[in-house]
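Notes for the one structure printed next.
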Amino acid sequence: MSTPHINSKNNDFSDIVLMPGDPVRAKYIAEKYLSKCIQINNTRLMFAYTGFYKNKKISIMSHGIGIPSAALYTHELISTFNVKKIIRIGTCGSIRDDINLRDIVISMGASTDSKINRIKFNNHDFSAISDFEMLYHVFNIAKKMNITVSVGNFFTTDSFYNDDKHMLNILKKYNIIGIDMETAGIYSVAAELHAKALSICTVSDHIIKRESLSSIDRESSFNDMIEIALESTL
Ligand code: HPA
């Protein structure tokens with residue numbers, strides 16, 4: 001059965017979906033890592049693929065940019081296509097001196113300036129948290145692969161272009177390790193629909209140092225994150 005934004009059949013998806021923000025990256029991951037891979041969605045060019053990683057059925061689908069986009073795709077995947085686990089594999093900004101470009105950060109939870117979780121949670125503050133077992137497992141896989149990761153609190157913002165220095169200082173004070181635009185929304189959808197989610201990001205921008213990864217650097221440094229996520233599904 002298809003949904004307004006996903007034109008796939010019931011069994012097209014694995015119960016585990018890896019989700020980058022960018023549809024081109026979804027294609028890259030599917031072609032590089034999956035065997036017997038088929039494309040299962042192209043509505044709005046939000047490509048989705050299903051294939052096998054070392055005999056494990058895995059789907060890859062991009063979620064686009066921002067909570068509204070990520071929340072609607074994760075909602076449809078969980079509610080209509082029986083997806084049980086979502087692993088966001090994205091990019092984020094850093095504001096900390098000790099977290100630099102290419103570092104991998106994992107979101108234990110995510111604060112936000114978006115109002116959506118309050119709207120859904122009767123105007124109270126919802127703690128948007130990752131699934132503990134997925135977090136624990138991914139952390140141990142990274143350790144086994146000798147890849148350093150940092151685990152902590154994210155800040156999910158609605159505003160990519162924001163020069164509010166006061167807010168940046170608050171984020172620093174409260175030990176935020178990554179700034180993205182989706183995690184708090186994905187975690188609340190997973191909670192609402194009783195699924196599991198984890199967000200892993202590679203730092204692509206250092207907001208204080210005003211540094212960004214080039215597109216070539218992006219590709220090579222994202223492979224570690226993708227491989228951690230894929231290994232964790234086995
Ligand atoms: N801010 C918010 N989201 C992001 C950033 C950023 O600097 N980099 C990648 N995603």
Side-chain angles (χ1 to χ4, degrees), residues 18-29 46 60-74 86-117 128-130 138 147-190 197-226 228-229:
L18 270 57
M19 303 192 80
D22 178 356
V24 176
R25 186 153 309 119
K27 184 170 188 284
Y28 164 83
I29 298 166
M46 205 58 97
I60 318 275
M61 180 175 190
S62 59
H63 56 52
I65 294 178
I67 289 182
S69 178
L72 79 82
Y73 287 112
T74 48
I86 304 266
I87 308 179
R88 162 163 152 73
I89 36 174
T91 60
C92 70
S94 168
I95 38 140
R96 281 173 50 145
D97 301 334
D98 57 340
I99 297 183
N100 292 300
L101 295 185
R102 298 183 198 83
D103 285 1
I104 297 174
V105 288
I106 303 179
S107 165
M108 186 153 50
S111 307
T112 185
D113 59 14
S114 159
K115 219 175 147 195
I116 187 64
N117 290 349
I129 58 168
S130 58
V138 161
I147 299 170
T148 304
V149 297
S150 303
V151 179
N153 201 357
F154 273 28
F155 182 69
T156 299
T157 180
D158 279 346
S159 173
F160 185 86
Y161 296 105
N162 190 343
D163 246 357
D164 183 348
K165 304 264 183 318
H166 179 60
M167 190 61 209
L168 292 179
N169 283 332
I170 292 174
L171 298 180
K172 226 173 163 178
K173 180 174 168 187
Y174 279 83
N175 285 329
I176 294 296
I177 62 163
I179 303 177
D180 79 342
M181 299 184 72
E182 294 84 15
T183 298
I186 293 172
Y187 284 177
S188 78
V189 169
L198 181 68
S199 185
I200 312 171
C201 285
T202 302
V203 175
S204 60
D205 303 278
H206 200 293
I207 296 165
I208 308 285
K209 297 181 186 169
R210 293 185 181 273
E211 297 169 343
S212 288
L213 285 184
S214 70
S215 49
I216 291 171
D217 279 348
R218 277 172 192 250
E219 194 171 296
S220 57
S221 40
F222 291 167
N223 288 344
D224 277 351
M225 168 179 67
I226 295 162
I228 293 171

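Counting starts at 1 for both ligands and their atoms, following the listed order. Below, all heavy atoms of this structure are taken into account, side chains as well, without hydrogens, waters or symmetry copies. The structure presented is a predicted model; accordingly, all values stated were derived computationally and were not measured.
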**Study point:** Ser204 contact mode with ligand 1 (heavy-atom cut-off under 4.0 Å)
**Key:** side chain

Point to revise | Neighbour count >12 (heavy atoms, 6.0 Å) for atom NZ, Lys172 | key: yes

Check your understanding: Taking distance alone, with no angle check, do Asp205 and ligand 1 share an N/O pair under 3.5 Å?
Key -> yes

Point to revise | Any side-chain heavy-atom pair of Ser212 and Asp205 under 4.5 Å | key: yes

Distance filter under 4.0 Å to [X] heavy atoms, resulting ligand 1 atoms:
X	value
Ile207	7 (O)
Met181	2 (C), 3 (N)
Asp180	3 (N)

Just need the protein heavy atom nearest to [atom], so name the residue and atom and give the distance.
atom	answer
atom 10 (N) of ligand 1	Thr91 O, 3.5 Å
atom 2 (C) of ligand 1	Ile179 O, 3.6 Å
atom 6 (C) of ligand 1	Phe160 CE1, 3.6 Å

[X] versus [Y], closest heavy-atom pair with distance:
X	Y	result
Ser199	Phe154	OG-CE2, 4.2 Å
Ile176	Ser111	CD1-OG, 4.4 Å
Ile186	Ile86	CG2-CG2, 4.2 Å

Point to revise | side-chain contact (heavy atoms from CB on, under 4.5 Å), paired with Ile228, selected from Asn223, Val149, Ile106, Ile87 | key: Val149

